[in-house]
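This report refers to the structure that appears directly beneath it.
Because the structure is a prediction, the values reported are computed rather than measured.
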Amino acid sequence: QVQLVESGGGLVQAGGSLRLSCAASGRTFSSYTMGWFRQAPGKEREFVAAIRWSGGSTSYADSVKGRFTISRDNAKNTVYLQMNSLKPEDTAVYYCARPKGSYYYTTSVADYASWGQGTQVTVSS
């Protein structure tokens with residue numbers, strides 16, 4: 001079973017930037033889509049961004065499009081989320097996740113089976 005470990009969260013002022021990282025265990029990282037999701041207090045977990053196993057395709061929630069960038073380094077088994085122009089409404093716990101099957105591109109939270117422990121991002125106004 002894959003282990004996913006996020007890092008890079010913290011407290012930042014509005015307009016600032018953070019870079020999240022997610023390190024995955026195992027040898028199959030390059031066969032899986034990877035996604036970032038977030039959950040704010042009292043809200044459901046929502047999709048943020050996804051990247052195809054090859055890195056050739058990406059998808060973003062409308063709320064972060066143009067501000068966030070997802071990328072991956074398959075040699076390092078790591079996926080990143082660069083977050084710029086942060087807003088207070090970006091405050092949430094951010095999770096990286098992997099879908100149930102390999103070579104499957106999806107942005108639906110229900111399709112993701114393996115999750116990290118999450119990292120807190122807090123944006124002050």
Side-chain angles (χ1 to χ4, degrees):
Q1 183 160 344
V2 67
Q3 289 190 326
L4 303 173
V5 180
E6 302 97 336
S7 60
L11 173 64
V12 63
Q13 288 189 330
S17 298
L18 283 174
R19 189 194 196 203
L20 305 184
S21 299
C22 172
S25 64
R27 303 185 192 178
T28 60
F29 180 78
S30 61
S31 303
Y32 285 83
T33 291
M34 293 298 296
W36 284 98
F37 297 80
R38 67 186 182 187
Q39 189 167 16
K43 295 189 176 181
E44 293 188 353
R45 193 167 297 188
E46 64 175 5
F47 168 74
V48 175
I51 186 166
R52 192 177 292 269
W53 51 91
S54 62
S57 291
T58 57
S59 300
Y60 296 93
D62 287 344
S63 58
V64 308
K65 205 170 291 184
R67 300 188 298 122
F68 290 11
T69 303
I70 188 171
S71 61
R72 66 190 296 160
D73 185 338
N74 285 345
K76 295 183 178 180
N77 278 18
T78 302
V79 61
Y80 306 97
L81 186 68
Q82 178 67 44
M83 305 186 295
N84 298 330
S85 302
L86 282 161
K87 304 175 181 180
E89 51 264 44
D90 294 318
T91 295
V93 177
Y94 283 71
Y95 299 89
C96 70
R98 192 181 85 169
K100 299 168 188 174
S102 58
Y103 303 110
Y104 177 48
Y105 191 70
T106 177
T107 62
S108 173
V109 66
D111 290 333
Y112 283 75
S114 301
W115 296 83
Q117 83 287 352
T119 186
Q120 176 71 47
V121 172
T122 303
V123 185
S124 63
S125 57

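Rounded to the nearest 0.5 Å, atoms OH (Y95) and OG (S114) are 15.0 Å apart. Considering CZ of R72 and OG of S54, their distance stands at 8.0 Å, rounded to 0.5 Å. Taking CD from Q120 and CG from L11, the interatomic distance works out to 9.5 Å, rounded to the nearest 0.5 Å. For the atom pair R38 CZ and R45 CZ, the distance stands at 13.0 Å (nearest 0.5 Å). The line from CZ of F47 to CZ of F37 is 6.5 Å long, rounded to the nearest 0.5 Å.
Within a 6.0 Å radius of NZ in K65, other residues, nucleotides and ligands contribute more than 12 heavy atoms. Other residues, nucleotides and ligands contribute at most 12 non-hydrogen atoms within 6.0 Å of the CD atom of Q3.
Nearest heavy-atom pair across K100 and A113 is CG-CB, 3.5 Å. In this structure, P88 and A14 approach most closely via the heavy-atom pair CD-CB, 4.1 Å. Closest of all the heavy-atom pairs between S21 and Y80 is OG-CD2, 3.4 Å.
Taking the side-chain contact (heavy atoms from CB on, under 4.5 Å) definition, one finds that S108 meets it with T106, A110, D111, sequence neighbours left out. Taking S17 as the reference, N84 meet the side chain to side chain donor-acceptor pair (under 3.5 Å) condition, with sequence neighbours excluded. Legend: residues meeting side-chain contact (heavy atoms from CB on, under 4.5 Å) with S30, ordered by chain and number and at least two apart, are N74. Applying the side chain to side chain donor-acceptor pair (under 3.5 Å) criterion to S25, with sequence neighbours excluded, gives no partner residue.
In this structure the side chain of D90 reaches within 4.5 angstrom of the side chain of R67, judged on heavy atoms. Residues Q39 and V109 fail the side-chain proximity criterion, which asks for heavy atoms closer than 4.5 Å.
Using a 4.5 Å cut-off between side-chain heavy atoms of Ile, Leu, Val, Met, Phe, Trp and Tyr, with links allowed through other members, Y103 and Y105 fall into the same hydrophobic cluster.
No side-chain donor-acceptor contact under 3.5 Å links S59 to the backbone of A50. Q117 places no side-chain N or O within 3.5 Å of a backbone atom of V5 that could act as its donor or acceptor partner. No side-chain donor-acceptor contact under 3.5 Å links Q82 to the backbone of R19.
Among residues at least two apart or in separate chains, disulfide bond (SG atoms under 2.5 Å apart) pairs with a member in residues 82-125 are C22-C96.
Residue F29 shares its hydrophobic cluster (ILVMFWY side chains chained together at separations under 4.5 Å) with V2, L4, V12, L18, L20, M34, W36, V48, I51, Y60, V64, F68, I70, V79, L81, M83, L86, Y94, V121, V123.
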